[in-house]
Amino acid sequence: MNGPKTLGMTLVESMVAIVIGCISVAAVFYSYTYFNQSYETIVEKKSISKGGREALSMITRDLRNAGYLDVNYSRASWDRWIDVTTSPTGPSRSDILTIWYNTTTTDRVRIRYFLSPATGQNWGDSFLTKSYCLNPVVAINCIYTDMMVVPHTSDFQVILRDVNGAELTPVCFTCTGRELTQGTQAQGRENQAKAHTAELYITVRSPKEVYRTNTQVQVINHNATTGGSVAHNDRFFRETFFTSVYLRNIVN
C-alpha cells in the first residue's frame with residue numbers, strides 16, 4: 001500500500017521562481033524611478049515656466065509706463081526715461097534695465113531690473129531683482145525697495161530698437177564702461193527718445209538637478225556685438241523666455 005505523496009518544488013524550480021521574482025521587482029522599481037523622475041522634471045519645468053512668464057509680465061507693465069510724463073509734473077527736468085547698461089560683476093554681459101515714469105503729478109519712480117547673486121558672489125545661482133526708488137533725481141524721500149522677481153536666473157538681456165528695427169546702442173543717461181565704447185554720452189541720452197521697441201530675454205534654470213549627468217549648455221540670447229553668451233556644464237534644466245514690448249510713452 002502506497003503512503004501519502006509529499007508535494008514540493010525542486011531546486012531548479014525554486015531558482016527559476018527567484019529569478020522571475022527579482023526581475024519583476026526590478027521592473028517595478030525601475031518603473032517607479034522613471035515615472036517619479038519624469039514627474040519631478042515636469043514639476044521643475046512648471047516652476048520655471050511660471051516664474052519666467054510672471055517676470056516678463058511684471059517687466060512689460062513697467063516698460064509700457066517708461067517715459068510717462070504727467071502734464072502737471074513740475075519738478076526736475078524730464079531727461080531720463082530708459083537705460084540699458086551691462087552689469088560689471090554679473091554673468092557674462094547680463095543687462096541692467098532702468099525705467100523712469102510719473103506716478104503722480106509730483107512724484108516719479110525709478111524701476112531697475114538686474115541680476116543679484118544668491119549668496120555672497122555666487123553668480124552661479126543668480127536671481128532677477130527689481131529695485132524701486134521714489135523721486136531718485138529730486139533726492140526727496142528716496143525709498144529703496146528691492147524684491148526678488150524670479151530665482152535661479154542664468155541670464156537677463158534687453159535690446160532696444162528704433163522704429164526701423166535697428167538696435168540702439170548705447171542707451172543710457174549716464175554711460176560708463178563698455179557703453180562708452182559704443183558711442184558718446186550725448187548719443188546715449190539722445191537714443192532714449194528713439195527707443196520704439198524693447199526685446200526681453202530671461203533664462204531661468206530649474207531649482208533642482210534634472211539630468212543624470214552634466215550637460216553642456218551655451219546660452220546665447222542676443223547674437224550681436226553688444227550681446228554675450230554664458231556657458232553651463234551641470235545637471236540643471238534651463239529655459240529662455242522672450243517678449244517684445246512697444247514703448248508707447250516714449251515713441252513720438
Side-chain angles (χ1 to χ4, degrees), residues 1-60 87 89-95 113-130 147-157 199-223 227-244:
M1 183 175 177
N2 296 328
K5 294 182 178 180
T6 301
L7 301 178
M9 298 178 63
T10 66
L11 178 61
V12 173
E13 291 173 331
S14 298
M15 294 298 293
V16 170
I18 291 173
V19 170
I20 293 175
C22 290
I23 293 175
S24 300
V25 171
V28 171
F29 178 77
Y30 176 80
S31 299
Y32 170 78
T33 303
Y34 174 79
F35 287 112
N36 184 60
Q37 184 178 15
S38 298
Y39 172 76
E40 290 182 352
T41 300
I42 293 172
V43 171
E44 294 293 307
K45 291 182 178 180
K46 178 183 178 182
S47 174
I48 293 174
S49 179
K50 181 175 183 293
R53 287 185 286 104
E54 289 179 350
L56 287 180
S57 296
M58 180 182 295
I59 303 174
T60 296
S87 173
T89 56
S92 179
R93 293 189 176 181
S94 63
D95 287 334
Y113 290 94
F114 56 94
L115 295 189
S116 298
T119 56
Q121 290 299 316
N122 181 17
W123 290 101
D125 189 17
S126 307
F127 59 89
L128 184 63
T129 302
K130 177 179 179 178
M147 63 173 291
M148 181 175 67
V149 178
V150 59
H152 315 300
T153 307
S154 299
D155 194 28
F156 177 57
Q157 297 286 332
E199 297 178 355
L200 299 176
Y201 297 86
I202 302 176
T203 300
V204 185
R205 75 161 176 81
S206 58
K208 300 179 182 179
E209 293 181 340
V210 172
Y211 304 116
R212 293 185 177 180
T213 59
N214 286 356
T215 302
Q216 184 72 31
V217 176
Q218 191 81 10
V219 178
I220 304 176
N221 286 334
H222 179 37
N223 191 16
S229 63
V230 182
H232 300 279
N233 186 24
D234 51 35
R235 302 181 184 184
F236 294 101
F237 172 79
R238 287 178 174 80
E239 186 173 355
T240 297
F241 300 87
F242 166 81
T243 191
S244 180

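Across every non-hydrogen atom of V150 and G52, the tightest pair is CG2-N, 4.4 Å. Shown here for K208 and F236, the closest heavy-atom pair between the two residues is O-CD2, 3.5 Å. Of all heavy-atom pairs between T129 and S116, the closest is OG1-OG, 2.8 Å. Closest non-hydrogen pair, Q157 versus S94, comes out as NE2-CA, 3.8 Å. Nearest heavy-atom pair, F156 versus Y113, reported as atom, atom and distance to 0.1 Å: CE2-O, 3.8 Å. The two residues V210 and F237 have their closest heavy-atom pair at CG2-CB, 4.0 Å.
Separating the OG1 atom in T243 from the CG atom in L200 is a distance of 6.5 Å, to the nearest 0.5 Å. For the atom pair L115 CG and F127 CZ, the distance stands at 9.5 Å (nearest 0.5 Å). Here CD of Q218 is found 8.5 Å from NE2 of H232. Values are rounded to the nearest 0.5 Å. A distance of 8.5 Å separates OG of S154 from CG of D125, quoted to the nearest 0.5 Å.
No hydrogens or angles considered: a donor-acceptor pair under 3.5 Å links the side chains of T240 and T203.
When side chains are defined from C-beta on, D155 does not count as touching Y201, because their heavy atoms never get closer than 4.5 Å. Using a 4.5 Å heavy-atom cutoff, the side chains of I59 and V149 are not in contact. Inter-residue side-chain proximity for I48 and F241 is flagged as met; some heavy-atom pair is nearer than 4.5 Å.
Under the side chain to side chain contact (heavy atoms under 4.5 Å, CB included) criterion, P207 pairs with E44, S47, H152, not counting sequence neighbours. The side chain to side chain donor-acceptor pair (under 3.5 Å) search around T215 returns none, not counting sequence neighbours.
No side-chain donor-acceptor contact under 3.5 Å links R205 to the backbone of R238.
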